[in-house]
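What you see is a predicted model, and the numbers here were worked out from it, not measured in a lab.
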Amino acid sequence: MSTGAPVRPGDPVRSGLWATIRSQVVAAAVATQWLVLGLGTALLALLTVVVLLLVAALCLIAVGLALVGPALRLVRWVADLERRRLTAMGHPTASPYGPVPTGWAEILRFIRADVSTRRDLGWLVLHATVGLVLGLLPLELLSSALQEISTPLWWQLAPGQATLAGGFVTVDTWAGARWAVVTGIVWALLWLLLAPLLARGQAAPGLRLLAPHPGQDLPALVARLSATRAAALDAHAVELRRIERALHDGTQNRLVAVTVLAAAARRALTRDPASAEPILERVQDSAELALAELRSVVRSILPPVLEADGLPGALAALAAQCAVPTRLEVSVPVRLPVSVEAVAYYAVAEALTNVTRHSAAQGALVTVQQRGDQLWIEVTDDGSGGAAVGQGSGLSGIRDRVEAHDGTLEVRSPIGGPTLVQVVLPCG
């Protein structure tokens, strides 16, 4: 007797299992791609180690002293290639290098004193050995899996020819060919499970040794704070100019019109009271328009809905007002600092404005999540793409505000779409 209902083709259980397998295959394929690229830098690292040994040997007879500078530049070039790979993998790794002195004696003193060079040399040895092995493993697993799964085909084309399958099964019968398929499936499963772990293991030495040493962070921090302070001052000046233009070109003109019309109505009351009625109506209309424009300026400084309902309520109002159908997903369990909420609100508002004006999108998704001490904001649309951070664009305004709060802005918008605007703000 059956203990459960049969699983139908459209069952969520089967769909979920297929989605899990597909995601694991994609993860293994992406990891293999990074491992192969890491294999390339590992081969370059191995070649660089050989060059360094040759230069060190030549330095014993003073011939290699002139090659110390080029060897140091070679080490930096290979390390920078690995930093670019790590950054492309989603682990931004800054280059800590300063200028290289001239003269072999100064270069030798620089190498003894420079911590980043010593860390580069340690990474070079690790990557040329461990990184090389880890880069070769997924290729070996894949080749073994393909070879052994296809063994029955080769056995059918050349029967009777003994073939060693994976070092475990000697194929000289059809039973051996079928066992080879089983071992091939095992190799494929090992590739699926181990490729992401191997990619992380290959990247670990670079993440630890190629990033700037903590002792070198202070100058970089000062430079970054200077840059963000300048960006904050620029953003503040731009905001003041915007408010001044809004008040001067809008509200002030309306109030001038109210003053002129009120004076005209006063004169009309003494000459022809009946003609004052339409003038007073115009006075009232102009005063109402001035009041509406003044409220608009005030809301642009700090929207009242943000103060009253918090970031989720303010973003819900933005999504509801957007001309493009917008879905909102917000996970912010606590109230954030007012400055962070204001920047997040402005970023989403400007991104949705760009979606409405330029993307020709049919739908948009706004995702806001608090992850630890960071606020992650993503605005995605299915439009035509091609968005870029340019001078004077709305995305440039987002970047200036975000960088003033030590945040980051990333825009991925290939031609044809989709477009992703990602903002990360510290909110601890």
Side-chain angles (χ1 to χ4, degrees), residues 90 92 224-225 227-240 242-243 296-359 361 363-381 383 387-389 393-413 418-428:
R224 187 170 67 251
L225 290 176
T228 54
R229 178 179 178 273
L233 292 174
D234 289 343
H236 180 65
V238 169
E239 186 67 11
L240 288 179
R242 183 191 66 79
I243 295 172
S296 177
V297 172
V298 172
R299 289 193 184 97
S300 67
I301 299 173
L302 185 64
V305 66
L306 191 61
E307 179 68 22
D309 300 335
L311 188 59
L315 296 182
L318 278 179
Q321 295 168 4
C322 184
V324 176
T326 302
R327 187 159 56 93
L328 180 66
E329 297 178 358
V330 181
S331 177
V332 182
V334 296
R335 288 298 299 264
L336 303 177
V338 176
S339 59
V340 175
E341 290 188 341
V343 173
Y345 178 87
Y346 174 85
V348 174
E350 192 62 44
L352 290 180
T353 300
N354 287 345
V355 170
T356 302
R357 292 181 178 175
H358 309 296
S359 70
L365 170 64
V366 178
T367 304
V368 181
Q369 293 181 332
Q370 185 180 0
R371 304 176 186 175
D373 59 352
Q374 290 182 326
L375 182 67
W376 287 67
I377 304 165
E378 294 183 352
V379 180
T380 311
D381 67 77
V389 182
S393 70
L395 293 176
S396 297
I398 296 176
R399 179 193 59 194
D400 293 341
R401 288 187 180 233
V402 168
E403 290 182 351
H405 285 74
D406 293 331
T408 59
L409 168 68
E410 181 180 356
V411 179
R412 294 196 291 268
S413 182
T419 295
L420 170 65
V421 177
Q422 184 184 79
V423 173
V424 181
L425 291 170
C427 62

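Side-chain contact between Val324 and Leu352: absent, with no pair of heavy atoms (C-beta onward) separated by less than 4.5 Å. Residues Glu410 and Thr408 have side chains not in contact (no heavy-atom distance under 4.5 Å, counting atoms from C-beta outward).
For the side chain to side chain contact (heavy atoms under 4.5 Å, CB included) test with Leu311, the passing option among Val330, Val348, Ile377, Val368 is Val368; the others fail.
To the nearest 0.5 Å, atoms OG1 (Thr326) and CD (Gln321) are separated by 11.0 Å. For the atom pair NE2 of His358 and OG1 of Thr419, the computed distance is 11.5 Å after rounding to the nearest 0.5 Å. Note that the CG atom of Leu318 and the CD atom of Glu350 stand 11.0 Å from one another [nearest 0.5 Å]. Note that the OG atom of Ser331 and the CZ atom of Arg371 stand 9.5 Å from one another [nearest 0.5 Å].
Nearest heavy atoms, Val340 versus Pro426: CG2-O, 3.7 Å. Across all their heavy atoms, Gln370 and Val334 have their closest contact at OE1-CG2, 3.8 Å. For Cys427 against Leu375, the heavy-atom pair with the smallest separation is SG-N, 3.8 Å. Between Thr356 and Cys322 the shortest heavy-atom distance is OG1-SG, 3.5 Å. Of all heavy-atom pairs between Ala387 and Ser413, the closest is N-OG, 2.9 Å. Residues Val423 and Leu425 come closest through the heavy atom pair CG1-CG, 3.9 Å.
The list of salt bridge (Lys or Arg N to Asp or Glu O under 4.0 Å) pairs with a residue in residues 319-333, not counting sequence neighbours, reads Arg327-Glu329.
For Arg335, the side chain to side chain contact (heavy atoms under 4.5 Å, CB included) partners at least two apart in sequence or on another chain are Glu341.
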